[in-house]
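To start, the structure under review is shown below, and the notes come after it.
First the proteins, then the strands, lettered A, B, ... as listed; each starts at 1. Basis for what follows: all heavy atoms, side chains included, without hydrogens, waters or symmetry-related copies.
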Protein chains: 2
Amino acid sequence: MDSTVKAPDNRSLLIPQFENISTLSDREMTLLQALEQDARHYPVNATLTAEGEFSDRLFMLKSGWACATRILADGQRQVLDIFLPGQILGLREMGMRHSLTEFYAMTDALACPFPKQRLTEIFEQSPKLTDLFFLAMAREQSMLIERVTNIGRRNALERLAHFIVEIKVRLTLRNMPFELPINQSMLGDTLGLSSVHISRTFKQLKTLGLLDHQNGNLHILDLEGLIELSGFDRAYLDTSPEWTRL
Amino acid sequence: MDSTVKAPDNRSLLIPQFENISTLSDREMTLLQALEQDARHYPVNATLTAEGEFSDRLFMLKSGWACATRILADGQRQVLDIFLPGQILGLREMGMRHSLTEFYAMTDALACPFPKQRLTEIFEQSPKLTDLFFLAMAREQSMLIERVTNIGRRNALERLAHFIVEIKVRLTLRNMPFELPINQSMLGDTLGLSSVHISRTFKQLKTLGLLDHQNGNLHILDLEGLIELSGFDRAYLDTSPEWTRL
DNA sequence: CGGCATGTTGACCATATTCAATTGAAGTGG
DNA sequence: CCACTTCAATTGAATATGGTCAACATGCCG
């Protein structure tokens, strides 16, 4: 029920993430805070950046879920990233004038747009923050290669299970309760499956006693079961201790 | 026949790439050159870094092909990246102590190992190079999302065609002739298909008059046909003008 | 109450996998 | 130079997995 708008307090989401890895100076904290000013509200399905559109901005996601999608020539859609609060949207398009993908809000969301230029300025002023942004991007890539593996080599059952565990882990790292504000059509477009097959696969996971649907909310009944079934590898999302302290 | 060892000259591969986007000072060139010292020879199938192994090094690939792979619990393999000369191997593992994936030489290769630390030093000394490395990583991610799209939403025929075009484009950007030193089993593991199906799909592409096999060498007969069939989008690999000049 | 979006189900079909046999090409050693 | 081995590629047959289409159910919101 609550991936919705909140964070009226202007507490930074970046600072705690980064301090987890390194110690920041006041100056560095100020630089980060500048990226989290002027939160704007985006209602469900609002577009932040359209595919192909000129864009010189990134977005710091303060609350809610967002995603990046790509539409193929024949109208099919592929979801490329699912963003949770604290992530920056568009890092991979730093060097591009036009967006390769559409970014949009999957739930009501708060996000702070800021010019790409500002990141470059940070690189000029703080090598440590540079490292940290580099790491953020590396972590994003790690998620992406997991997705490639997931889609490339697992069947529907394992794939869906894996995805659910991934989301569960990412939410847990943020101290957020599990939820899945994604319809089955988009889930299909995320996992390379049809929406119909997502429905069947959910049913299968329920039959196996791993999941449960209660009044519209999805519940994980057996996380370990899901992990085992999907062959999930924790390493790729864990922060410390695997991530080097700087 | 010639993705093999050469480059006895110690000409930098990074400098021209980067100068394509920005102008470098002498100091910056020196920093880059330091990454391309001490080329080591890796024979076909040699491992540069094993999966799960401790690693504090990256590799600058001078010649030959390399790749990153991941082995699943059930023994299946997924190829995650294919690296061509001029690329840096391991960028996404900058912050990790242990490698998520295996890196190995697909052909005879020359590569220069250097400590991750050196990249951090570059960040400290040159914001411009920082930008450029950030962009290199962004470009890598762009390739990755194309792969996700490819595997997630295209059928075998389109997928293989798309892959071939991608390789063709990347080789052309390097002024290298087209070749494909990859066996069908690995191709399958790259594209999320079985090796048997790769064989059948090749046959189909030949029947369509798009490809040809001459004494063991693959030839592209109709690049435009492949592009159209696969829905290939040039934007994601082009360097200028899409990539911002810094 | 009605309308629209989302999810579920069944029947049928398409696509790709698996398994096994065969062919082919590239070394290797006699 | 010719078996002989080995590994990759090819082919066919049977099977599995997931897609498509269409009907129907459900839930939400106005």
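Residue B/Leu191 contributes atom CG, which lies 16 Å from atom C1' of C/dT15 at whole-angstrom precision. One interatomic measurement links the two molecules: CD of B/Glu158 to P of C/dT15, which rounds to 10 Å at whole-angstrom precision. Atom pair B/Leu157:CG and C/dA16:P shows a separation of 9 Å (rounding to whole Å applied). Per the geometry, CD belonging to A/Gln76 stands 11 Å off C1' belonging to D/dG19, to the nearest Å. Across the protein-nucleic acid pair, A/Arg154 atom CZ and C/dA16 atom P stand 21 Å apart, rounded to whole Å. Atom pair A/Asn217:CG and D/dC28:P shows a separation of 10 Å (rounding to whole Å applied). Atom-to-atom, CG of B/Leu193 to C1' of C/dT15 comes out at 10 Å; the value is rounded to the nearest Å. Look at NE2 on B/His197: it is 18 Å from P on D/dA16, rounded to the nearest Å.
Of the charged side-chain nitrogens involved, none lies within less than 4.0 Å of a carboxylate oxygen, so that B/Arg11 and B/Glu36 do not count as a salt-bridged pair. Note on B/Arg153 versus A/Asp189: salt bridge recorded, some NZ/NE/NH1/NH2 to OD/OE distance being below 4.0 Å. Using a cut-off of 4.0 Å between Lys/Arg side-chain N and Asp/Glu carboxylate O, B/Glu224 and B/Lys168 are scored as not salt-bridged. Salt bridge annotation for B/Arg154-B/Glu146: present, with a cationic side-chain nitrogen under 4.0 angstrom from a carboxylate oxygen.
Put simply, the side chain of B/Ser195 never gets that close to the backbone of B/Gln184: no donor and acceptor are under 3.5 Å apart. In this structure, the side chain of A/Lys116 engages the main chain of A/Met96 through a donor-acceptor pair within 3.5 Å.
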Interface polar pairs with nucleotides 5-10 of chain D, N/O, under 3.5 angstrom:
residue	atom	partner	partner atom	Å
D/dA9	OP2	B/Gln184	N	2.9
D/dT10	OP2	B/Gln184	OE1	3.3
D/dT10	OP2	B/Gln184	NE2	2.7
D/dT10	OP2	B/Ser199	OG	2.9
D/dT10	O5'	B/Ser199	OG	3.4

Listed pairs, N/O of protein and of nucleotides 23-25 of chain C, under 3.5 Å:
none

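Applying the side chain to side chain donor-acceptor pair (under 3.5 Å) test between B/Ser99 and each of B/Glu93, B/Glu53, B/Arg70, B/Arg57 identifies B/Glu93 as the sole match.
To the nearest 0.5 Å, atom OG1 of residue A/Thr49 and atom CG of residue A/Leu100 are 11.5 Å apart.
Here the closest non-hydrogen pair linking B/Ala156 and B/Leu193 is CB-CD1, 3.8 Å. For A/Lys62 against A/Cys112, the heavy-atom pair with the smallest separation is CG-SG, 3.5 Å.
One end of the helix from C/dC1-D/dG30 to C/dG30-D/dC1 points its axis 30° away from the other end's axis, with each axis taken from 5 pairs and the angle rounded to 10°.
Judged purely by distance below 3.5 Å, without hydrogens or angles, the side chains of A/Glu166 and A/Ser230 never pair a donor atom with an acceptor atom.
Within the 4.0 angstrom heavy-atom criterion, no nucleotide atom of any strand lies near B/Gly188.
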